[in-house]
Amino acid sequence: RTQAELPLFIPTVMTPQGDGSYVCRPGRPVRDLTPAQVAAALGISRSAVYALVDSGRLPCRRPTRRKILISAEAVEEFRIKTRDPEYWKS
């Protein structure tokens, strides 16, 4: 896959307009996600994300000793895999 074909996580940015309303627009594309962002994207808890990382079901990289980053591509692949009921039998 080329870099342009990789899935991206695009957060929403809400800008207040001063009259009580907001304008929603897409934020900057992100290729690496924090565990909190992955949890929000998958609809699970942060501790569940850490458990998936520890079990090896969700690959990650550690740029520092305490920081975990998970690629948007890995999250999308995990989401596709887990749609299959057979995945949960193993």
I'd like to know whether V49 forms a side-chain contact (heavy atoms from CB on, under 4.5 Å) with I68, so could you lay out the CA-CA distance, the side-chain angles of the two residues, the decisive distance to 0.1 Å, and finally the verdict. CA-CA 11 Å; V49 172; I68 293 176; over 6 Å; no

Kindly list each side-chain donor-acceptor pair under 3.5 angstrom involving residues 17-24, sequence neighbours excluded, with atom names and distances?
from	atom 1	to	atom 2	distance (Å)
Q17	NE2	T15	O	3.2
D19	OD1	S21	N	3.0
D19	OD1	S21	OG	2.5

Minimum heavy-atom distance between L69 and P63, given as atom pair plus value: CD1-CG, 3.8 Å

For A40, the side-chain contact (heavy atoms from CB on, under 4.5 Å) test, sequence neighbours excluded, returns none

Considering non-hydrogen atoms only, spot the tightest contact between L58 and A74 and give its length. CD1-O, 3.9 Å

Does anything in residues 32-42 form a salt bridge (Lys or Arg N to Asp or Glu O under 4.0 Å)? List the pairs, not counting sequence neighbours. D32-R61

Residues R79 and T82: closest non-hydrogen pair is O-OG1, 3.1 Å

A36: side-chain contact (heavy atoms from CB on, under 4.5 Å) partners, not counting sequence neighbours: T34, R46

Enter the distance from I70:CD1 to F78:CZ here, rounded to the nearest 0.5 Å. 10.0 Å

